[in-house]
Amino acid sequence: MAADLPTRARVVIVGGGVIGCSVAYHLTRLGWNDIVLLERKQLTSGTTWHAAGLVGQLRQSINMTQLARYTGELYRGLEAETGQATGYRQCGSLSLATTAARMEELKRSASMAKVFGLTVHVVSPGEIHALYPLANLEDVIGGIHIPSDGYANAVDITQALAKGARSRGALIFQDLKVTAIHHEGGRATGVQTDRGRIDADYVVLCGGMWTRDLAAGIGVTVPLQACEHYYVLFQDVAGLTPDMPVLRDYDHCSYFKYDAGKLLVGAFEPHARPWGAGGIPDDFCFGEIAGDFGHFEPVLLDAMRRIPALEKAGIQKFFCGPESFTPDVRYHLGESAELQNCFVAAGLNSIGLQSAGGIGKVVAEWIRDGHPPVDLWEVDVRRNMPFQINRKYLRARVSESLGLLYATHWPFRQYETARGVRKSAVHDRLAAAGACFGEAFGWERPNWYAPLGTLPRYEYSYGRQNWFEHSASEHRAVRGAVGLFDQSSFAKFRMEGADAARVLNRVCANDVDVAPGKIVYTQWLNERGGIEADLTVTRLCDSAYLIVTGAETETKDFNWLQRHIPSGANCVLTNVTSGMGVLSLMGPRSRELLQSLTPQDVSNGAFPFATSRVIELGYALVRASRITYVGELGWELYVPTEFMQGVYDELAGAGAPFGLVHAGYHALNSLRIEKAYRHWGHDVTDEDTPLEAGLGFAVSWDKAGGFIGREALLRQRQAGLRKRLVQFQLKSPQPMLYHNEPVWRADAIVGFIRSGMYAHSLGAAVGLGYVTAPDGAAIESIGPDDYEIEVAGIRHPAIASLRPLYDPKNERIKR
Ligand SMILES: Cc1cc2nc3c(=O)[nH]c(=O)nc-3n(C[C@H](O)[C@H](O)[C@H](O)COP(=O)(O)OP(=O)(O)OC[C@H]3O[C@@H](n4cnc5c(N)ncnc54)[C@H](O)[C@@H]3O)c2cc1C
């Protein structure tokens, strides 16, 4: 007998695809059995039923690979655990390279996989032939083989997860639509369905391509849009056997998978076709889309060249189904910024089956613990900006997203669609100065400047790209003279009120109860001592602060602070990002240039490091803050938006005698990394503490009122550190570091590079990464010559240092 719809549950999950069922399965595995899952039609009837079934494990980053790897492990044992067949078969996978760049990418991935012990073999065409005799390999130069990859039946996996969840008490209702999410006081409180209301402590949105609209209805930002996604089933393929590995031909946008006696050929074409932008039909259930065979045909023709046996095989089915894609091709997980206890797990970019196990696990643990179990920032739903649910933006961007799954993942690769969304007030002037813009969180930001006679256009490679020398010149000008950066994309908040100092001081690990005009570099910590934000706080007056943080964390940081304002506190937080642009003058001659333009005294005595004041500049009053992210004397100038052009013209017009150059974000990154300045989201995250990150100097241990995370830090200080952030400089000037390269000490991998860049003053690639002692013991010291970094399979000796390799005594900053 079907259970009655309850009026209350601890967790309500919306959506019965593989993701919703995995969240239910994992919550019940944690012992939470008061779970209700609601599905508008039938389980799997959205996108899940037509997944091709690939279960690969290697992704672009270490954390995502770990989620996929766990998924593979789960699926291997799921049938035995639940008694429900899953169709899982561990057949392995092969990925082909037909270009040197692709081969480098695959080799770099194979190196990354070593960090957590996933076996990936780099293979020759001969070895590929032995594993996959059906493939024509005349253009193939090599590949990788992952023996533990496999495939599964998505419907059966979902049913097995649902069965596992039900067996531990979860209730699953089908043909029941959630029509609204209830909330009160900024917290989700339950759902309205077409059969009544269910109150709940938590609501989890796992509604696949429906999630954007469902979330938008309650002001929650979940940018995703469905696209057409194609495959073809060939029958009577001569020589096909069930144990053939899954074959990926990235350079020709296709994959090949054994499918119950047939060969399934799927596509990740470069320009996808968005679907359902005007709304998804209400009766959509186990639906197919007509699709356009002509759109799929170019991929198909290449596929037939790759597997010549297809020419004599018959097409049994041409399939097109919808799947949701996201603007940055990463999924959306976790608690929404806008509504407490409203969780999201959606936007799977065609890797939902292979990700579902890991997603279910981390989302369940996130709900239980109130925080993610590991650093998941790259897929955290709070990274999104509100504008990203704009439909025109989504349609434009997702047409590019789908193809990016298989496109070469070039370092510094820029999106080509949905550009020009957020522009600084001096955008056109910077373009005229030769800026090559990159896109970040909607902002157009100058990444480098093309000298006269050259085009501001990327030519990608894994080595030194076409802008390398131009950016090196910018770097050197900042070290030797002065550079002008447009940092308008900084997120800026104002906190005001009689209680502002008290509230902010509790959130900041450093002491921000300082004199007006003082700038404080600080972290915001969670209760575990992990770093939630890395920013500067400037006291404007007794009752007001300016908070400046990275563009990518605008939503998250605003929300973190907002949630920590106690009810009743006399304190208001306002996002003033759009109201101010930022022009930064950085370099030893910045003082001379600035002094030539302002009547205020900017000498070291009158305007010391880490102070901020309003000065006259041109016709404007601007806030000058003496602080740096590049390791030189310099000022960030906070300029009201409508004064930006005038102030820029003053600076640019007066700059030549002082050697002023325009400098972009690639130079900024190179400058900051050789000074070992940390970047939140890479070098410091919510699972790294200031002590581990070498930021203990910014912790005010004994300030009145304490701070969030203090007790955890005290415990850690007493116990000793098991990991330390180390700066590495390769001894050879040749190899390039990007991120995720393994760090070796003797014959053990002891960490990986969190962020890497070429450091032009040091003359080699530099990376920041944590090292751990192999036995989990406390790290007492770092041997400067003990380490090697693996790049594309080759280990390179590195110099290791806990202190910045560039200007370790800060002599250049404080003069
Ligand atoms: C052609 C194709 C091939 C693919 N191949 C692979 C592959 O090989 N490997 C892989 O990993 N992934 C693959 N995928 C992707 C994979 O299928 C998806 O990522 C995955 O199924 C998404 O699962 P989901 O649970 O998020 O969404 P869905 O399966 O769409 O589930 C969401 C559910 O929510 C329900 N719902 C929505 N709104 C409401 C509401 N208001 N009330 C109640 N219920 C609601 C819907 O009815 C739906 O059933 C493929 C996708 C396509 C289209």
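Counting starts at 1 for both ligands and their atoms, following the listed order. Keep in mind it's a predicted model, so treat the numbers as computed, not measured.
Of all the heavy atoms of Cys206, the ones lying under 4.0 Å from any atom of ligand 1 belong exclusively to the backbone. Contacts with ligand 1 closer than 4.0 Å are made by backbone heavy atoms (N, CA, C, O) of Leu38 only, the side chain lying farther away. At a heavy-atom distance under 4.0 Å, only backbone atoms of Leu176 (N, CA, C or O) approach ligand 1. Looking at Lys257 against ligand 1, nothing comes within 4.0 Å, counting heavy atoms.
Separation of the Phe284 and Trp275 ring centroids falls under the 6.0 Å cut-off. Annotation: Phe318 is in aromatic contact with Phe293 [ring centroid separation under 6.0 Å]. Ring pair His295/Tyr230: centre-to-centre distance below 6.0 Å. Between Phe268 and His229, a ring centre-to-centre spacing shorter than 6.0 Å is recorded. Aromatic pair Tyr70/His26: ring centres closer than 6.0 Å.
With Asn136 contributing its side chain and Ile307 its backbone, the two residues share no donor-acceptor pair below 3.5 Å. Using modelled atom types, one side-chain atom of Arg383 and one backbone atom of Asp380 make a donor-acceptor pair closer than 3.5 Å.
Residue Thr221 is tested with Glu338, Gln388, Arg212, His332 for a side-chain hydrogen bond (donor to acceptor under 3.5 Å, both in side chains); the sole match is Glu338.
Taking a cut-off of under 4.0 Å to the non-hydrogen atoms of Gly16, the atoms of ligand 1 that pass are 33 (C), 34 (O). Residue Tyr231 has at least one heavy-atom neighbour below 4.0 Å for each of these atoms of ligand 1: 1 (C). Close contacts between ligand 1 and Gln354 involve ligand atoms 10 (C), 11 (O) [criterion: under 4.0 Å to a heavy atom]. Each of the following atoms of ligand 1 lies closer than 4.0 Å to a heavy atom of Trp210: 37 (C), 38 (N), 46 (C), 48 (C). In the vicinity of Ile351, heavy-atom distances shorter than 4.0 Å reach the ligand 1 atoms 10 (C), 11 (O), 12 (N). Ligand-side atoms of ligand 1 in range of Gly208: 26 (O), 27 (O), 32 (C), range being under 4.0 angstrom from any heavy atom. Each of the atoms 20 (C), 21 (O), 23 (O), 25 (O), 28 (P), 29 (O) of ligand 1 lies under 4.0 Å from some heavy atom of Thr48.
Among all non-hydrogen protein atoms, the one lying nearest atom 34 (O) of ligand 1 is Gly15 CA, 3.1 Å. In this structure, atom 19 (O) of ligand 1 lies nearest to the protein heavy atom Glu323 OE2, 2.6 Å. Nearest protein heavy-atom neighbour of atom 9 (N) of ligand 1: Leu54 O, 3.1 Å. Regarding atom 48 (C) of ligand 1, its nearest protein heavy-atom neighbour is Glu39 OE1, 3.4 Å. In this structure, the protein non-hydrogen atom closest to atom 44 (N) of ligand 1 is Arg40 N, 3.0 Å. If you check which protein heavy atom lies closest to atom 51 (C) of ligand 1, you get His229 CD2, 3.8 Å. Given atom 3 (C) of ligand 1, the protein heavy atom at minimum distance is Ala52 N, 3.5 Å. Distance from atom 26 (O) of ligand 1 to its nearest protein heavy atom, with residue and atom name: Ile19 CG1, 3.3 Å.
For the pair Arg10 and Trp32, the cation-pi criterion (under 6.0 Å, within 45° of the ring axis) is fulfilled.
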Item to check | Stepwise side chain to side chain contact (heavy atoms under 4.5 Å, CB included) check, Ile13 with Leu38 | outcome: CA-CA 6 Å; Ile13 298 165; Leu38 305 174; over 6 Å; no

Item to check | Worked check of side chain to side chain donor-acceptor pair (under 3.5 Å) between Thr417 and Arg397 | outcome: CA-CA 5 Å; Thr417 55; Arg397 175 54 63 77; 3.2 Å; yes

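Here Asp282 does not pair with Arg40 in a salt bridge; the nearest charged N to carboxylate O distance is not below 4.0 Å.
Within the set Gly53, Ser350, Ala356, the minimum heavy-atom distance to atom 14 (N) of ligand 1 is found for Ser350.
Using modelled atom types and a 3.5 Å distance limit, the side chains of Tyr151 and Gln354 yield no donor-acceptor pair. At a cut-off of 3.5 Å, with distance as the only test, a side-chain donor of Ser61 or Glu378 sits close to an acceptor on the other residue.
For ligand 1, the polar-atom distance check finds no N/O of Tyr230 at less than 3.5 Å from any of the ligand's N/O atoms. Where the criterion is an N or O separation shorter than 3.5 Å, residue side chain and backbone included, Gly352 meets it with respect to ligand 1. Annotation: Leu353 places an N or O atom under 3.5 Å from an N or O atom of ligand 1; distance criterion only. At a 3.5 angstrom cut-off on N or O pairs, Phe319 does not count as close to ligand 1.
Residue-environment remark: NE2 (His121) exceeds the threshold of 12 foreign heavy atoms within 6.0 Å.
Using a non-hydrogen distance threshold of 4.0 Å, Pro322 registers as a contact of ligand 1.
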